[in-house]
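Below: one structure, written as structure tokens.
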Amino acid sequence: MTFDPAQIHLDPADSLPLYQQIERALAAAIESGDLPASTRLPATRPFAKQLGVNRVTVVTAYAELAAEGYIASHVGRGAFVLDRIARAETPLPPSLRQPGDWSAHNFNREMMRLAQRPDIISFAPGMPATDLLPADAYRLALNTVLRRDGPEILQYGLYEGYMPLQDAIVAELAGFGITTGRDRLFLTSGTEQGLALVMRTVLQAGDRVLVEQPTYMHALDLLSGSGIEAHSLPCDDHGPRVDLLAGLLAELRPRLLYLTPTFHNPTGVTMPLERRQYLLRLAAEHDLLLLEDDVYRHLWLDEPPSPPLRALDAADNVIYTNGYSKCLLPGARIGYVVAPARLRARLAAAHQTLDVTPGELHQRALHHYLQGAQFVEHLHRLRAAQKKRRDALIDALATYMPQDCTWSLPGGGLYLWLKLPEDGPSATSLYVHALELGVAFAPGHLFYLNQEPGASHSLRLNFVLHPPAVIADGIRRLGNAWKQAAGNRP
Ligand SMILES: Cc1ncc(COP(=O)(O)O)c(C=O)c1O
């Protein structure tokens, strides 16, 4: 290496943020050949020390370089300069069409990890609030089933799962308008395993899949490296743009569309009934499978949402996944898939060969918990608390953020989607200032398959994680971070 990164000259007085100064210096060295292909970049911690900057500044610089296709990271091995040809072929950010490299995501995970420091008010993670989980009632359920069933409960369970729990889920689904039997219900280790089971069973290399843009980032990870081509279906303030769908179906002939129609992650948007009906008609006409992820359904705040696609699906095209992670017990890892009749046998065969069924102890404890009135009471309390938190966030945004910011008004779920003014700092730039002032969020571009206008100036805030006073404090910090990042912007 003819170029020593430690020699980069940083100017704190420059209007360019420090992370961009680092990123530009490294990009220039890569362009000129001073940092040749395959060079390993210094590890972030010692490099930050050498440069006298915060580690997040270096992590952000690397994230930008990865998103621009200059470098790739490999977990445990570090970050490497890509060669020119690989660079030319790497879209922004790396696309699933060139599997194997998901470097922007690796860096971004690192950024999210840094946000877990105790002094930081984080709105970043995609999880429910720990203080609202029903620990006492669940302890009672665990003790009761352990006492009742003895050591048998600690054994391997049946691969189909615990039958009484399946029956309880079938009954709950009937309440959502979904008619199914145990034979079409597959218990999985969390909703994500359900998605993995479906993708693995239904799709093969060379297939095309549509995903909402933006979408749940781990769904992108599940497709990554599988040889499956992912394409994006743009969304607006009412969910996926079904008006664009007929054209995309004719052009791409995708096998499946993955979507979260209710309280979407990351935007919080719920798809109106008419769009659901139109989508189902198109799916039936084009023999398109819909993979409906309904994991936020229980968390409505103002009024119950429209029925799931699965409940409206006369043509039996919808594969339905849900679970108890967001409303009750993320750590118990209990989810499920409801299969269309034509996929039942294939899913059953795949389910049998994979160890995806949740642990017996949790299945039986959850079944016990679901029997009484306590689940309904828990949801009632949860909705009341989460509504207060959502409203506190909206109030705080109106108070502390610049007037030209806009945001979604989520009717449920966990997330609010904030759009920053396009002529101001990007979400990545804001992130650096935000961490320095003790607040964190999930930058919007993480949820995009391809860059598009708006991706760089959007961010996701989880509104349930903190009590209202802490939310207000966090957004006050975010407002200050924005002022810092925006500098002299009027
Ligand atoms: C849309 C969506 N699907 C699935 C999951 C994963 O759920 P689980 O914890 O049940 O695997 C998440 C979690 O963030 C999610 O947002």
Side-chain angles (χ1 to χ4, degrees), residues 105 108-109 112 115 122-130 133 161 165 169 172 185-200 209-223 230 232-233 235 239-240 256-271 290-300 305 308-310 318-338 351 354-359 362-363 366 386 408 410 412-417 441-442 444 446-449 460-465:
H105 276 217
N108 285 313
R109 290 226 175 80
M112 303 276 267
S122 181
F123 298 96
M127 61 192 198
T130 307
L133 300 179
L165 176 62
I169 294 173
E172 191 185 23
L185 180 80
F186 299 98
L187 292 185
T188 53
S189 176
T191 312
E192 182 146 345
Q193 279 279 13
L195 299 176
L197 173 70
V198 171
M199 290 179 185
R200 186 176 163 150
V209 166
L210 285 174
V211 295
E212 292 165 294
Q213 168 110 306
T215 190
Y216 171 49
M217 73 168 91
H218 293 298
L220 296 177
D221 286 349
L222 286 175
L223 291 167
S232 54
L233 171 61
C235 294
L256 178 142
L257 162 61
Y258 164 71
L259 75 171
T260 305
T262 304
F263 311 134
H264 181 258
N265 179 8
T267 62
V269 162
T270 291
M271 196 179 177
L290 301 176
L291 175 51
E292 177 179 27
D293 186 339
D294 209 18
V295 75
Y296 295 100
R297 167 157 299 272
H298 291 98
L299 301 181
W300 55 267
L309 294 170
R310 175 73 230 173
V318 177
I319 313 168
Y320 181 84
T321 58
N322 201 338
Y324 294 90
S325 301
K326 305 300 178 181
C327 61
L328 191 63
L329 298 165
R333 312 305 301 131
I334 298 182
Y336 57 88
V337 177
V338 179
H351 189 256
L354 299 172
D355 184 22
V356 294
T357 312
H362 279 305
Q363 288 189 63
L366 174 63
Q386 297 195 165
S408 60
L414 301 181
Y415 312 112
L416 179 143
W417 186 243
F441 54 81
L446 285 180
F447 306 94
Y448 280 77
L449 176 60
R460 186 190 77 179
L461 298 169
N462 181 332
F463 59 80
V464 306
L465 292 174

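Atoms within each ligand, like the ligands themselves, are counted from 1 in listed order. Keep in mind that this is a model prediction, so the values were computed, not measured.
Under the salt bridge (charged side-chain N to carboxylate O under 4.0 Å, His left out) criterion, D294 pairs with R297, sequence neighbours left out. For H298, the ring-ring contact (aromatic ring centres under 6.0 Å, His included) partners are F176, F375, not counting sequence neighbours.
Checking side-chain atoms of H264 against main-chain N and O of P214 turns up a donor-acceptor pair under 3.5 Å.
Evaluation of the side chain to side chain donor-acceptor pair (under 3.5 Å) test over residues 323-333, restricted to residues two or more places apart or in two chains, returns E172-Y324, S325-R333.
Between Y415 and Y296, the angle of the ring planes goes over 60°, which puts this pair in the perpendicular group of the 30/60° scheme.
Among protein residues, G126, G190, T191, E192, Y216, Y258, T260, N265, D293, V295, Y296, S325, K326, R333 come within 4.0 Å of ligand 1, judged on heavy atoms.
Rounding to the nearest 0.5 Å gives a distance of 5.5 Å between CG of L256 and CD1 of I319.
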